[in-house]
Amino acid sequence: MVPMRIERVTIHQYNIPLEEPFVTALNPIPELERVLVEVETDVGITGLGEAAPAYEVTGETQRSTAAVIEDILAPLVLDTNPLDIERIVGDMEALVDGSRTAHAGIELALQDIRGKLPKCRCTGCSVGMPRNR
């Protein structure tokens with residue numbers, strides 16, 4: 001397999017309007033705030049991951065999730081091997097305790113990169129590369 005490196009991490013903030021507001025005990029939620037994480041490699045493979053903050057559930061907002069990714073997690077993963085998912089997840093957890101939504105956006109993008117590789121077996125994809133048999 002060709003070694004590759006993460007070249008760029010881009011975030012896109014967007015909202016998904018709901019046909020009817022989702023009503024919680026705290027307040028109605030008229031739209032869902034999301035952050036799309038785009039991880040680009042030096043070999044032309046791009047992975048996409050969605051971070052789905054919900055302050056009422058996770059304590060994270062769209063803005064806080066985007067800030068953690070842009071200011072802290074993206075610089076951490078730049079120039080690393082996107083297939084070394086287990087190590088990257090561990091490094092993210094060591095650097096930022098909390099912000100699970102931000103972590104998920106990056107990890108999902110890394111899993112997407114792995115899934116786009118030729119001859120990728122995606123059994124046991126929860127963490128790290130599948131073992132060769």
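Side-chain atoms are counted along with the backbone in the values below, which use heavy atoms only and exclude waters and symmetry mates.
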message: With a 3.5 Å distance limit and no angle check, can you tell me whether His103 reaches the backbone of Gly98 through a side-chain donor-acceptor pair?
response: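 It does hold such a pair.
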
Side chains of [X] and [Y]: closer than 4.5 Å at any heavy-atom pair?
{"X": "Ile88", "Y": "Thr80", "result": "yes"}
{"X": "Val39", "Y": "Thr46", "result": "no"}
{"X": "Ile85", "Y": "Arg114", "result": "yes"}
{"X": "Glu107", "Y": "Gln111", "result": "yes"}
{"X": "Ile6", "Y": "Val9", "result": "yes"}
{"X": "Glu86", "Y": "Leu83", "result": "no"}
{"X": "His12", "Y": "Glu38", "result": "yes"}

task: Establish whether Tyr55 and Val35 are linked, either directly or via other cluster members, by ILVMFWY side-chain heavy-atom contacts under 4.5 Å.
output: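 The answer is no; the residues belong to distinct hydrophobic clusters.
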
- request: State which residues pass side-chain contact (heavy atoms from CB on, under 4.5 Å) with Glu33; sequence neighbours excluded, sorted by chain then number.
  value: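 Here the qualifying residues are Asn15, Gln62.
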
message: Which residues pass the side-chain contact (heavy atoms from CB on, under 4.5 Å) test with Thr41, not counting sequence neighbours?
response: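 In terms of side-chain contact (heavy atoms from CB on, under 4.5 Å), with neighbours along the sequence ignored, Thr41 is linked to Met4, Val43, Ile45, Pro82, Ile113.
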
- request: Mind checking salt bridge (charged side-chain N to carboxylate O under 4.0 Å, His left out) for Glu60 and listing every partner two or more places apart, or none if nothing turns up?
  value: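 None.
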
Under the salt bridge (charged side-chain N to carboxylate O under 4.0 Å, His left out) test, residues paired with Asp91 that sit two or more places apart: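 Salt bridge (charged side-chain N to carboxylate O under 4.0 Å, His left out) check on Asp91 returns Arg87.
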
- request: Decide if atom CG of Asp97 counts as having more than 12 heavy atoms of other residues, nucleotides or ligands within a radius under 6.0 Å.
  value: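 Check fails, neighbour count at 12 or below.
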
What pair of heavy atoms forms the shortest contact from [X] to [Y], and how long is it?
{"X": "Glu70", "Y": "Pro75", "result": "O-CD, 3.5 Å"}
{"X": "Glu50", "Y": "Leu108", "result": "O-CD1, 3.5 Å"}
{"X": "Ile69", "Y": "Ala102", "result": "CG1-CB, 3.7 Å"}
{"X": "Thr65", "Y": "Pro53", "result": "OG1-CB, 3.5 Å"}

message: Starting from Leu36 and following side-chain heavy-atom contacts under 4.5 Å between hydrophobic residues (I, L, V, M, F, W, Y), which residues can be reached?
response: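 Other cluster members: Tyr14, Ile16, Leu18, Phe22, Ile29, Leu32, Leu48.
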
- prompt: What pairs meet the salt bridge (charged side-chain N to carboxylate O under 4.0 Å, His left out) rule with one or both residues in residues 5-27, with sequence neighbours excluded?
  reply: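 Counting only pairs at least two positions apart or across chains, the salt bridge (charged side-chain N to carboxylate O under 4.0 Å, His left out) contacts touching residues 5-27 are Arg5-Asp79, Arg8-Glu40.
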
task: Enter the distance from Ser99:OG to Ile106:CD1 here, rounded to the nearest 0.5 Å.
output: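 One gets 11.5 Å once the value is rounded to the nearest 0.5 Å.
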
Atom pair CG/CG of Leu110 and Asn81 - distance to nearest 0.5 Å: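 It is 9.5 Å, given to the nearest 0.5 Å.
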
